[in-house]
Amino acid sequence: MIELKEISKKFGNTQAVKQVSFNVASGETLVLLGTSGCGKTTTLKMINRLIEPDAGQILINGKNVTDQDPDVLRKGIGYVMQNIGLFPHYTIAENIALIPDMLKWDKAKTKSHTKALIEKLHLPESTLAMYPHELSGGQQQRVGLARALIADPPVLLMDEPFGALDNLTRTSIQKEFKALEELRRKTIVMVTHDVLEAFELADRICLLDKGEVVQIGTPKELLFQPINDIAKNFLAGQRLVLEFKVVNIQDIWCYLPEEINYEGKSETAGLSIWEAMESLRKKDGDELFVSDASNTVKSVNFGQLTTAFNQYRNAQQHE
Ligand SMILES: Nc1ncnc2c1ncn2[C@@H]1O[C@H](COP(=O)(O)OP(=O)(O)OP(=O)(O)O)[C@@H](O)[C@H]1O
């Protein structure tokens with residue numbers, strides 16, 4: 001769906017992006033991850049031609065973006081800007097209606113789409129008549145998302161979409177973001193410097209360093225098969241939490257105790273180790289019942305869970 005072929009960009013003497021190539025499949029979320037200044041935003045902005053590359057090609061659905069009129073191109077690409085970028089003198093409703101107005105939707109259609117969308121994003125209808133400064137950071141971030149989603153573009157570019165939020169608000173908006181059906185069908189390229197956020201939301205991660213791609217892979221691949229020390233060190237600080245989040249019960253199934261006969265309520269094996277630990281903690285250390293796709297049930301306590309996890313981890317490291 002989106003294809004970058006050896007894209008480069010220099011600003012004066014600064015090589016911001018150097019021969020970056022990647023593909024994003026239809027419906028996939030690719031996260032561009034890396035430290036400040038590694039070229040994430042520049043790469044993102046070249047996709048919708050806010051910045052023109054010096055070399056290389058960008059194709060969307062096989063069509064070179066440079067062959068398309070930038071305004072027409074951008075109508076099919078939702079864009080959530082860094083620092084939200086709402087227009088201060090427009091009401092929230094007017095901010096959301098920018099693209100629909102450009103597309104010449106009739107007012108009733110814009111109004112009904114806006115109402116439906118803000119409800120899904122947990123924004124009260126009363127905010128529509130307000131101005132951006134009257135909203136909290138989290139609410140503004142939701143408006144930014146609504147503005148990018150209103151015309152249902154197949155491609156969405158997001159630059160640090162949750163960057164302006166405190167950790168708690170950030171976690172809750174990330175959860176809503178993941179659950180939003182509007183986003184499931186979309187091809188998304190998202191920029192973040194936050195490793196946990198990247199792992200939470202990405203199908204695949206493209207790790208950048210000094211304008212170059214270090215590694216592209218699923219969160220699991222980056223964690224368990226880092227290509228070099230740069231990739232390894234980038235995740236080092238949060239390695240254990242990341243492992244608890246990406247490994248699930250199904251992955252460690254063969255290391256868990258024998259199956260049991262149990263017909264009561266059980267959790268699915270898609271549960272991450274992190275979620276399983278949370279459930280066990282809430283149960284005050286009692287057993288957790290988990291079932292896999294063939295409805296085989298196993299009972300697991302905290303000790304068995306951590307032992308099985310460690311066995312899985314050792315096996316990955318020796319692969
Ligand atoms: N318009 C510009 N003029 C000059 N230099 C620029 C310009 N835009 C970006 N750069 C430089 O290019 C490099 C990459 O910048 P870019 O904004 O793409 O990085 P980033 O990874 O998105 O960083 P951040 O997370 O801080 O936004 C940096 O060294 C930056 O200073």
Side-chain angles (χ1 to χ4, degrees), residues 2-24 29-58 60 65-66 70 73-74 77-86 137 140-141 144-145 148 155-167 169-171 173-174 177 187-202 204-217 219 222 226-238 242:
I2 304 176
E3 227 178 317
L4 267 71
K5 296 182 179 175
E6 308 213 328
I7 287 294
S8 296
K9 179 73 188 179
K10 244 183 171 183
F11 296 107
N13 290 327
T14 308
Q15 185 78 53
V17 174
K18 192 174 174 192
Q19 295 195 311
V20 165
S21 300
F22 57 72
N23 290 335
V24 195
T29 299
L30 180 86
V31 171
L32 303 178
L33 175 69
T35 49
S36 181
C38 72
K40 307 179 294 291
T41 298
T42 307
T43 304
L44 193 78
K45 285 183 171 172
M46 288 193 279
I47 299 174
N48 63 357
R49 294 192 64 189
L50 287 172
I51 294 176
E52 299 290 353
D54 300 331
Q57 277 191 329
I58 299 178
I60 298 184
V65 294
T66 50
L73 176 77
R74 284 180 209 135
I77 303 179
Y79 181 45
V80 182
M81 286 178 235
Q82 209 169 15
N83 305 322
I84 314 168
L86 299 178
Q140 289 186 31
Q141 209 101 49
L145 201 53
V155 174
L156 191 61
L157 307 179
M158 309 178 86
D159 196 350
E160 299 271 6
F162 313 112
L165 304 177
D166 61 85
N167 278 345
T169 318
R170 197 179 173 111
T171 311
I173 294 193
Q174 281 171 1
F177 174 87
T187 307
I188 301 175
V189 184
M190 192 182 113
V191 162
T192 186
H193 63 272
D194 180 336
V195 179
L196 284 172
E197 182 165 283
F199 272 66
E200 198 67 50
L201 302 176
R204 284 185 308 141
I205 293 171
C206 172
L207 180 64
L208 293 168
D209 183 57
K210 300 191 184 82
E212 290 185 90
V213 173
V214 178
Q215 184 169 3
I216 302 178
L222 258 78
I227 200 162
N228 58 19
D229 282 348
I230 299 176
K232 204 172 179 174
N233 294 338
F234 196 80
L235 307 178
Q238 280 141 316
L242 296 174

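Order of listing sets the numbers, starting from 1, for every ligand and every atom in it. On a predicted model such as this, the values are computed, not experimentally measured, just so you know. Sequence positions, counted from 1, serve as the residue numbers for this chain.
Ligand 1 lies less than 4.0 angstrom from a heavy atom belonging to G39.
A side-chain contact (heavy atoms from CB on, under 4.5 Å) with V214 is found for one member of L208, N228, D229 and no other, namely N228. When M46, K45, E52 are each tested for a side-chain contact (heavy atoms from CB on, under 4.5 Å) with R49, only one passes: E52.
Of all protein heavy atoms, the one closest to atom 8 (N) of ligand 1 is F11 CE1, 3.4 Å. Remark: minimum distance from atom 23 (O) of ligand 1 to any protein heavy atom is reached at G37 N, 2.8 Å.
Protein heavy atoms all stay at least 4.0 Å away from atom 30 (C) of ligand 1. Taking a distance limit of 4.0 Å, we find that atom 20 (P) of ligand 1 is approached by some protein heavy atom.
I205 places a side-chain heavy atom less than 4.5 Å from the side chain of P219. You'll find the side chain of V213 reaches within 4.5 Å of the side chain of C206, heavy atoms only.
The residue from L32, D159, N13, T41 that puts a heavy atom closest to atom 17 (O) of ligand 1 is T41. Nearest-heavy-atom check against atom 25 (O) of ligand 1 across H193, K10, K40 picks out K40.
Figure legend: K9 and F11 shown as a cation-pi pair, the cationic atom lying under 6.0 angstrom from the six-membered ring centre and within 45 degrees of its axis.
For the residue pair D54 and S8, no side-chain donor N or O sits within less than 3.5 Å of a side-chain acceptor on the partner. For the residue pair S21 / E6, no side-chain donor-acceptor distance below 3.5 Å is found, with atom types taken as modelled.
Near A16, meaning under 4.0 Å from one of its heavy atoms, ligand 1 places the atoms 12 (O), 13 (C), 14 (C). The ligand atoms of ligand 1 that sit less than 4.0 angstrom from a heavy atom of T35 are 21 (O). Taking a cut-off of under 4.0 Å to the non-hydrogen atoms of S36, the atoms of ligand 1 that pass are 23 (O), 24 (P), 25 (O), 26 (O).
Proximity of a side-chain donor or acceptor of E197 to a complementary backbone N or O of T192 within less than 3.5 Å is not detected.
At a heavy-atom distance under 4.0 Å, atoms from both the backbone and the side chain of T42 approach ligand 1.
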